[in-house]
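Per chain, numbering begins at 1; letters A, B, ... match sequence-line order. Since the model is a prediction, treat every value here as computed from it, not as a measurement.
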Number of protein chains: 2
Amino acid sequence: MRTKEFDPDAALQAALELFWERGYEATSMADLVERLNIGRASLYATFGNKHDLYMKALERYRENRNPAPIDILSRPGPALTSVRALVEFYAADAIADSRRRGCMIVNAAAEMLPADAAVSRLIDTNWAALEGALTSALIRAAGEGDLPADRDPRALARFLLVFLQGLRLVSKGSADAARLRDAASQALSLLG
Amino acid sequence: MRTKEFDPDAALQAALELFWERGYEATSMADLVERLNIGRASLYATFGNKHDLYMKALERYRENRNPAPIDILSRPGPALTSVRALVEFYAADAIADSRRRGCMIVNAAAEMLPADAAVSRLIDTNWAALEGALTSALIRAAGEGDLPADRDPRALARFLLVFLQGLRLVSKGSADAARLRDAASQALSLLG
DNA sequence: ATGTTATTTGACCGTCCATTCTAGATAGAG
DNA sequence: CTCTATCTAGAATGGACGGTCAAATAACAT
């Protein structure tokens, strides 16, 4: 046996950054070899082919987001406060995204859907999970009396899911902080 | 002189469809030559290089949308009705998008921004125009007494801009009509 | 008819692509 | 300390890429 000379975790993180910035097609294996500073063959031996590597990077992105949206939603305290915090976090993140990389999942959705089955699965799962977490948080909020009784928690959750993806997409355009801030504050006003 | 043997307008439309479906990087000139059914050199002579062709396709997409969002907003009748019609049109369009191509401008934003300057310009202009048209429509609506006085028309316009892009992005995922319909109906409820 | 000019055709260019192979280095097992 | 499995670096592979070219061709003006 022999131990690897590089840290596969750090290498995957570096690949993630490059894919995130440039997308799948525009990133070549040569780019990755240069950026990760490891041999070409080591890259293939460790992560498989280009698509395998991309999927691993995308999965890592989904798992390692900090804080994870689901975690924000399950924080102690009033559920509605958590939902508002989530929207505010997404907005702040979009505004602070000075390199305008946007969200890697949004980028992946636009570039690879619907043709790429593996990416489709990952994104469907991700969005369904977010919609589900938002729905149950809003149901809790209704139970806590923080949501007007005539509001449909699931419809509201779906609305927020769509709006948040919009935020992350628009943030790739001209960095107009006021636009994103205004948009988020209007969306929040729907939560009463 | 000699007349062209193909219709450049039809060819550009075919190129548009291919770029729309696959994105910029994933579409090769060979793919285009095959699809447009014209010679390689004719393609270059008529439209310039790949990036030129893409820009022309993207501009054509923006100009030829039917109905144009701006036109919906300037229809006769109450301004708020026009705004609601616009949101409903985007939602219906997203739901009816069975091939899940999404919106070519959204796809371009996710794939090419912020690195591509020409695409950036086109999209900034497009979004600014939509935001502007929405803002003035909502100001009109306020003047017509259809918008509660405490609502900020520009913030509302920004919100709708972001939400509509979210709609078009999410529609590339699993075609869940109920999700998009619920999201749109919640957004509409913000318009009073 | 004929000259002129633009378009078409299909071969062609050099470069870059993802992937594999070969050869040599190195660390753990015995 | 040797052996050998697995690592590394880098050359090599064949194909695809964006882009160009010269010759053949076809429509116009004259």
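Under the side-chain hydrogen bond (donor to acceptor under 3.5 Å, both in side chains) criterion, the residue pairs touching residues 104-121 of chain A are A/H51-A/D116, with sequence neighbours excluded.
Contacts of residues 9-20 of chain B with DNA chain C (heavy atom under 4.0 Å): none.
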I'd like a table of donor-acceptor pairs (distance under 3.5 Å, sequence neighbours excluded) in which one partner is a side-chain atom from residues 94-106 of chain A, with atom names and distances.
residue : atom : partner : partner atom : Å
A/D97   : OD1  : A/R100  : N            : 3.1
A/D97   : OD1  : A/R101  : N            : 3.2
A/D97   : OD2  : A/R101  : N            : 3.1
A/D97   : OD2  : A/G102  : N            : 2.8
A/R99   : NH2  : A/E21   : OE1          : 3.4
A/R100  : NH1  : A/G173  : O            : 3.3
A/R101  : NH1  : A/E17   : OE1          : 2.8

Could you list the donor-acceptor pairs under 3.5 angstrom formed by side chains in residues 22-29 of chain B, with sequence neighbours left out?
residue : atom : partner : partner atom : Å
B/R22   : NH1  : B/D31   : OD2          : 3.1
B/T27   : OG1  : B/G23   : O            : 2.6
B/S28   : OG   : B/A30   : N            : 3.4
B/S28   : OG   : B/D31   : N            : 3.0
B/S28   : OG   : B/D31   : OD1          : 3.4
B/S28   : OG   : B/D31   : OD2          : 3.2

Expected list for residues 184-192 of chain B: side-chain donor-acceptor pairs under 3.5 angstrom, two or more places apart:
residue : atom : partner : partner atom : Å
B/S185  : OG   : B/D182  : O            : 3.2
B/S189  : OG   : B/Q186  : O            : 2.7

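The phosphate of C/dT8 (OP1 or OP2) has a side-chain N or O of B/S42 nearer than 4.0 angstrom.
Legend: residues meeting side chain to side chain contact (heavy atoms under 4.5 Å, CB included) with A/A178, ordered by chain and number and at least two apart, are A/D176, B/R158. Judged as a salt bridge (Lys or Arg N to Asp or Glu O under 4.0 Å), and not counting sequence neighbours, B/D7 has no contacts. By the ring pair (Phe, Tyr, Trp, His ring centres under 6.0 Å) test, B/Y61 is found to be paired with B/W20, residues two or more places apart in sequence or in another chain being considered. Evaluation of the salt bridge (Lys or Arg N to Asp or Glu O under 4.0 Å) rule for B/R179 yields A/E131 as partners, not counting sequence neighbours. Evaluation of the salt bridge (Lys or Arg N to Asp or Glu O under 4.0 Å) rule for B/R84 yields no partner, not counting sequence neighbours.
Using a cut-off of 4.0 Å between Lys/Arg side-chain N and Asp/Glu carboxylate O, B/R168 and B/D93 are scored as salt-bridged.
Of the two residues contacting DNA chain C, namely B/N37 and A/Y24, the nearest-nucleotide position lying further toward the 5' end is that of B/N37.
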Set out, line by line, the N/O atom pairs under 3.5 Å between protein and nucleotides 14-16 of chain D.
none

Protein N or O to nucleotides 21-25 of chain D N or O, pairs below 3.5 Å:
residue : atom : partner : partner atom : Å
D/dT25  : O2   : B/R2    : NH1          : 2.8

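Atom CD in B/E25 sits about 11 Å away from atom P in C/dA18, given to the nearest Å. In this structure, the CZ atom of B/R22 is 15 Å from the C1' atom of D/dC17, given to the nearest Å. Atom CZ in A/F47 sits about 17 Å away from atom C1' in C/dT19, given to the nearest Å. Rounding to whole angstrom units, CG of residue A/L32 and P of C/dC17 are separated by 11 Å.
Contact annotation for A/T46: no contact, since no heavy-atom pair falls under 4.0 Å across all strands.
Listed here is the closest heavy atom pair of A/K172 and B/P114: O-CB, 4.3 Å.
Picking from C/dC17, D/dG18, C/dT19 the nucleotide with the shortest atom distance to the side chain of A/K50 gives C/dT19.
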